[in-house]
Amino acid sequence: MYEAAYGLHTRPFALPPDPGFLFLGTSHREALAHLVYGVRERTGFVQLTGEVGTGKTLLARALLERLPGDVDTAWLYRPTDSVAGFVAAILRELGETPADGADSNALVDQLNRRLLAAHARGRTTVLLIDEAQTLGSALIEQVRLLTNLETRREKLLQILLVGQPELRDLLARPALRQVAQRITARYHLRALSRDEARAYVRHRLRMAGGDENLFTAPAMRTLYRASGGIPRLVNVVADRALLGAYGDGARRVRWRHVRRAARELDHQHRRPRRWPWAAAAGTAVMIAAAGLWYLRPVGGDAAAQWLTSLASIRENASYDRPAEAVAALADRQGVATATANGDAVDCSALDGSGFVCLHLRGDWQALTGLRRPVLLELDTGGSTTMVLADGVTAGQARLYRDTAAHTVSRDVLAPVWQGDFMVLWRPPALTPIPATVGDRGEAVRWLRDRLGAEAPPDLQNHFDRRLAERLGTFQQRHGLPDHGRLDRATLLYLLESPDPAMEAR
């Protein structure tokens, strides 16, 4: 309807996954690399998880398109609960006709013959199970048994499990540990960052033949808050916002169009709890819009001030002062900074002290695992801002403005903190970083010692799959992406942990 008005040859935010519109954020690129590695190395089991709408299916399709021509693929979506039906579906996907009336054992024998024949012709077979979190125990056991189909040297079937975060919980059950132990590559897909979401929108507009600046900057900020960086929600809200702008006769999509679209679709991402006005007086937090923002418990007349402050925030205003925030964090750690410069949190204000800024995303558990001050990125309803925090426990955190400290409960912070934070630290001189399976170097030797992962003397500096599994366990315990790779974030937590060797066991 609106395509011609905005010079588009197609709808840029249509929901059906279209590989032609593929956009790879940082998390997506890392995930795709892990998937390609797992398939090419014939490791047996590969796992990809992510929240609904993060692009798991589109990424899986991108993987299949990147596989060489000597790979046969079978794609199952929400497989049947019947073991026989499950194996029969694999055979059909591979172009085979299941034997009439055959039981599960006979069908597995037929599948084994098919795989052996393909292997003899130099072909690899990949089974992709989408929505794998819906698998019952019987099917998961059958999946495990399928990995036993092998020659003396390698697996005949590579299995990729794609599912929602519940898949990780499912495989963490003690009864399924034999399956979990066979997963040699795993990755959890994250939402897009603010900058990635902006690039994502512009990419899709450009691919559809339109102006990549069709959405104003305030509209982009509102879109990110409404979607939380979930690509599917970005598409839904952006499409409706375009329709609204067209109906208004607007030349560009503005923040009010996005806000109206989000409300109509009821897609406000992680919306703050809707407190009754009377209840807000006893439990609200106060947000100040000058200098470095901070929160503190308020009550009585202060609640009215808080509500007025929220109401006064405009969508096209920017209240965050990242350079000030970085300077406050540095000062808290006794690190000298130069004059604040620029509007981006690029940490260029550091004066060669050896400290660097590390941007992280995690849950509350990730915060409690650090023993240093952090900058929390808060969504204040009208803009994003940074707040200095430390003393994070299971139930609360201390927030600062200047020298004043305010203790705030986790429940109060939950509606305005979506998991983004930043730390300032001095990384050790270890190479290579990042390090992954196949790498060698002092960083690998250090990692083995830190995790208590023994190896023969000639392999002490070799990063093998067993070390990756051990590191993945450590990452899981700290709420980090459990990709089994030594990146800067994992290195930080290894240094912070009092005894990572014990934790990893």
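Please read all numbers here as calculations on a predicted model, not as lab measurements. Atoms considered below: every heavy atom in the structure, side chains included; atoms not considered: hydrogens, waters and symmetry mates. By convention here, the first residue in the shown sequence is residue 1.
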The side chain to side chain contact (heavy atoms under 4.5 Å, CB included) partners of Met220 (sequence neighbours excluded) come to Arg198, Val201, Arg202, Phe215
Heavy atoms of Arg485 and Pro434 approach each other most closely as NH1-CB, 3.4 Å
By side chain to side chain contact (heavy atoms under 4.5 Å, CB included), Ala443 pairs with (sequence neighbours left out) Leu430, Pro432, Ile433, Leu486
Hits for salt bridge (Lys or Arg N to Asp or Glu O under 4.0 Å) against Glu131, two or more places apart or cross-chain, chain-then-number order -> Arg78
We want to know whether Thr26 and Glu196 form a side-chain donor-acceptor pair, criterion being a heavy-atom distance below 3.5 angstrom.
yes
### Query
Between the main-chain N or O of His483 and the side-chain N or O of Gln475, is there a donor-acceptor pair closer than 3.5 Å?
yes
Only distances under 3.5 Å count here; give the side-chain donor-acceptor pairs of residues 108-117 to other protein atoms, sequence neighbours excluded, each with its distance to 0.1 Å.
{"unit_1": "Gln110", "atom_1": "OE1", "unit_2": "Ala99", "atom_2": "N", "d": "3.2"}
{"unit_1": "Gln110", "atom_1": "NE2", "unit_2": "Thr97", "atom_2": "O", "d": "2.9"}
{"unit_1": "Arg114", "atom_1": "NE", "unit_2": "Glu96", "atom_2": "OE2", "d": "3.4"}
{"unit_1": "Arg114", "atom_1": "NH2", "unit_2": "Leu94", "atom_2": "O", "d": "3.3"}

Hits for salt bridge (Lys or Arg N to Asp or Glu O under 4.0 Å) against Arg398, two or more places apart or cross-chain, chain-then-number order -> Asp390
Those residues at least two apart in sequence (or on a different chain) that pass side chain to side chain contact (heavy atoms under 4.5 Å, CB included) with Thr393 are Gln396
Quiz item: Between the side chain of Gln460 and the main-chain N/O of Ala455, is any donor-acceptor distance below 3.5 Å?
Solution: yes
| task | Give a yes or no answer on whether the side chain of Arg92 reaches the backbone of Pro98 with a donor-acceptor pair at less than 3.5 Å. | result | no
Exercise. Determine whether the side chains of Thr490 and Asp487 contain a donor N or O and an acceptor N or O closer than 3.5 Å.
Key: yes
Those residues at least two apart in sequence (or on a different chain) that pass ring pair (Phe, Tyr, Trp, His ring centres under 6.0 Å) with Tyr200 are Phe23
The salt bridge (Lys or Arg N to Asp or Glu O under 4.0 Å) partners of Arg144 (sequence neighbours excluded) come to Glu141
In terms of heavy-atom contacts, Arg465 and Val437 come closest through CG-CG1, 4.1 Å
Side chain to side chain contact (heavy atoms under 4.5 Å, CB included) filter on Thr54, not counting sequence neighbours, yields Glu51, Lys56, Leu189, Ile230
If we only count heavy atoms from C-beta on, is the Val46 to Tyr187 side-chain gap below 4.5 Å? no
Leu160 and Gln47 have their tightest heavy-atom pair at CD1-N, 4.4 Å
Nearest heavy-atom approach of Phe463 to Ala435 is CE1-O, 3.6 Å
Closest heavy-atom pair, Tyr224 versus Ala197, reported as atoms and distance to 0.1 Å, is CD1-CB, 3.6 Å
Review point. Taking the side chain from Asp449 and the backbone from Trp446, do they hold a donor-acceptor pair closer than 3.5 Å?
Key: no
Across all chains, not counting sequence neighbours, the salt bridge (Lys or Arg N to Asp or Glu O under 4.0 Å) partners of Asp464 are Arg448
Heavy-atom nearest pair, Leu32 first then Ala62, reads CD1-C, 4.5 Å
Applying side-chain hydrogen bond (donor to acceptor under 3.5 Å, both in side chains) to Glu166 and not counting sequence neighbours gives none
*asked:* Tell me if a side-chain donor or acceptor on Arg440 pairs with a main-chain N or O of Leu459 at a distance below 3.5 Å.
replied: no
With sequence neighbours left out, the residues meeting side-chain hydrogen bond (donor to acceptor under 3.5 Å, both in side chains) with Asp130 are Thr57
